[in-house]
Amino acid sequence: MNRFNSTVPDDEYLADSNVLFYLSDAVTQLLEHKEEYTQFGVIRYFAEYFSSVKNSNHVLFREYNYIRATPHNRASFIRVFWRCYRQIGKSGDSLSVLEYRSLLHLLCPDFPLAMVQSAARIVLMDDAIDCLMSFSDFLYALQLQFYYPEFLDSVLVIYQDLLAGKSPNTVIVPTSTSIEQLPSVAAEETDKEKQPQDGVEPSTLAQCVDALCDRFKRSHPPRSCMREVLEQTNKVSYYSFLMSLAKHETINQTIGALPSMAEFLIDPEMDQELDKLITQISVSPGSNSSGSAVGGLKEVQRRASPRRNIHHRRKMEVESDGSTEETDSSEN
């Protein structure tokens, strides 16, 4: 939305852009860490805060309620996760749910296990979620689940009602967006024992999803993409539907956080920074290689991190020290 477009009401622009949310957070952080921030000047602080928001670096080490508060924050967090751990994909390693949760906790200390498990069920088609998953499969599934959780919760209610033979007109859209109120694993397993698992008619689900989009107030995947997925099968289950959406390139482009699947392992900017670190190490034979790499990575992170994270700097440096050598080895 163009803020200079006079046809757009001011209150509508402010609501859609979440400007007031970020301004409120910026003031809150300034007041909570006044001694650290005021030494740089208030004007510079606000400039760097909103620059970090624009560059999608503002979600590092923030609490879960913050990183999920706006669509921009959600997309930014997915992109940060991809950039930080892209080497896992390049190395071809597959990880478990708990291992992915550990990686997420390094960026967001209170990232909920339930969200990680939901993404895993998409990848594994609701089979045993303790199986290993490739980095790309997991991340595209996490992107879909994390960016559209409210909509997917509503689709799940519709799907379960259709399985139970209820009329689509009686479907109630959940109003809660709290991750803690999602169905538990045990409850889902009990429900699965009572319900047939061969899926529902795609045309019926498509009609219900289309009606849901008409009344849904939050973001949802493009209707054309969902129709396209549902037209390609005779029977559809909830998780097969989500897996197709997670791999849909148009949905990926709509969110705008991750590159295409063909370019998933490519990040020229980060590769350039790593090449600089390797060059610094190679031209300084008298210096400690590990120390040089750590120092260089700290500098990269300082440039990438928003002013909000000044009071986390020691934490960032400790985490960098623990991960740099592994990154360097994977590049070499």
Side-chain angles (χ1 to χ4, degrees), residues 1-84 104-111 146-147 219 255-258 267-274 276-277 280 294-321 323-324:
M1 182 180 295
N2 188 346
R3 65 182 183 278
F4 299 113
N5 188 346
S6 58
T7 63
V8 178
D10 293 344
D11 56 347
E12 182 179 339
Y13 168 75
L14 291 175
D16 291 342
S17 62
N18 295 293
V19 169
L20 296 181
F21 167 82
Y22 291 114
L23 183 59
S24 175
D25 181 69
V27 173
T28 299
Q29 299 305 318
L30 178 62
L31 295 176
E32 289 182 356
H33 310 282
K34 188 188 313 182
E35 294 181 359
E36 298 177 62
Y37 293 154
T38 52
Q39 61 180 314
F40 298 98
V42 175
I43 295 178
R44 178 181 172 184
Y45 162 75
F46 279 105
E48 293 198 11
Y49 178 91
F50 283 99
S51 177
S52 70
V53 171
K54 179 178 180 294
N55 296 328
S56 299
N57 298 319
H58 62 301
V59 293
L60 275 170
F61 310 118
R62 293 301 303 267
E63 62 279 5
Y64 182 71
N65 284 338
Y66 179 82
I67 67 171
R68 69 189 292 269
T70 70
H72 177 65
N73 283 11
R74 297 179 185 189
S76 297
F77 184 78
I78 291 296
R79 182 166 181 80
V80 166
F81 184 79
W82 166 68
R83 297 197 71 191
C84 287
L104 287 162
H105 277 185
L106 293 177
L107 304 179
C108 174
D110 62 338
F111 198 93
F146 184 61
Y147 195 81
S219 299
I255 297 174
L258 299 177
D267 186 359
E269 182 181 348
M270 183 61 72
D271 288 339
Q272 185 178 13
E273 295 290 351
L274 291 174
K276 288 180 181 179
L277 295 181
Q280 292 174 4
V294 170
L297 186 57
K298 289 175 185 174
E299 183 61 29
V300 172
Q301 290 184 324
R302 288 192 184 101
R303 290 201 299 272
S305 299
R307 179 62 60 191
R308 158 68 179 82
N309 293 318
I310 290 179
H311 67 290
H312 288 296
R313 184 162 293 169
R314 290 186 179 179
K315 176 180 179 181
M316 293 169 62
E317 292 174 353
V318 170
E319 291 172 353
S320 297
D321 292 346
S323 61
T324 302

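As a basis for the values below, the full set of heavy atoms in this structure was taken, side chains included, without hydrogen atoms, waters or symmetry mates. Computed from a predicted structure; not experimentally measured.
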Trainee: Quick check against the 3.5 Å criterion: does Tyr45 have a side-chain atom that pairs as donor or acceptor with the backbone of Ala26?
Mentor: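 Yes: the side chain of Tyr45 pairs with the backbone of Ala26.
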Trainee: Could you measure the distance from the OG atom of Ser56 to the CD1 atom of Ile78? Nearest 0.5 Å is fine.
Mentor: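 If we round to the nearest 0.5 Å, Ser56:OG and Ile78:CD1 are 12.0 Å apart.
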Trainee: Measuring from Tyr147:OH to Leu258:CG, what's the distance to the nearest 0.5 Å?
Mentor: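 It is 12.0 Å, given to the nearest 0.5 Å.
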Trainee: Does atom CD (Glu35) have a neighbourhood of more than 12 heavy atoms from anything else shown, all under 6.0 Å?
Mentor: no
Trainee: With side chains defined as the heavy atoms from C-beta onward, is the minimum distance between Phe77 and Arg62 less than 4.5 Å?
Mentor: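 Side-chain contact under 4.5 Å: no.
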Trainee: Within this structure, what is the OH-CG distance for the pair Tyr49 and Asp25, rounded to the nearest 0.5 Å?
Mentor: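 Going from OH on Tyr49 over to CG on Asp25, the span is 3.5 Å.
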Trainee: As an exercise, state the distance from CZ of Phe81 to CZ of Phe146, rounded to the nearest 0.5 Å.
Mentor: 11.5 Å
Trainee: Any sub-3.5 Å donor-acceptor pair from His58's side-chain atoms to Ser76's backbone N or O?
Mentor: no
Trainee: With sequence neighbours excluded, tell me which residues meet side-chain contact (heavy atoms from CB on, under 4.5 Å) with Ser17.
Mentor: Tyr13, Val19
Trainee: If every non-hydrogen atom of His105 is compared with every non-hydrogen atom of Phe111, which pair is closest and at what distance?
Mentor: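 What the structure gives for the nearest pair is NE2-O, 2.9 Å.
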Trainee: Side chain of Ser24, backbone of Leu20: donor and acceptor closer than 3.5 Å?
Mentor: no
Trainee: Identify, with sequence neighbours excluded, every residue that meets salt bridge (charged side-chain N to carboxylate O under 4.0 Å, His left out) alongside Arg79.
Mentor: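 Per chain and number, Arg79 pairs via salt bridge (charged side-chain N to carboxylate O under 4.0 Å, His left out) with no residue.
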Trainee: To the nearest 0.5 Å, what is the distance between CG (Leu60) and CD1 (Ile67)?
Mentor: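 These two atoms lie 10.0 Å from each other.
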Trainee: Would the number of heavy atoms belonging to other residues, nucleotides or ligands and lying under 6.0 Å from CG of Leu31 be above 12?
Mentor: yes
Trainee: Excluding sequence neighbours, so at least two apart, what forms side-chain contact (heavy atoms from CB on, under 4.5 Å) with Asp110?
Mentor: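 Asp110 satisfies side-chain contact (heavy atoms from CB on, under 4.5 Å) with Glu63, Tyr64, Cys108 once adjacent residues are dropped.
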Trainee: Measure up the Phe50 and Phe46 rings against each other and bin them: parallel (under 30°), tilted (30 to 60°), perpendicular (over 60°).
Mentor: parallel
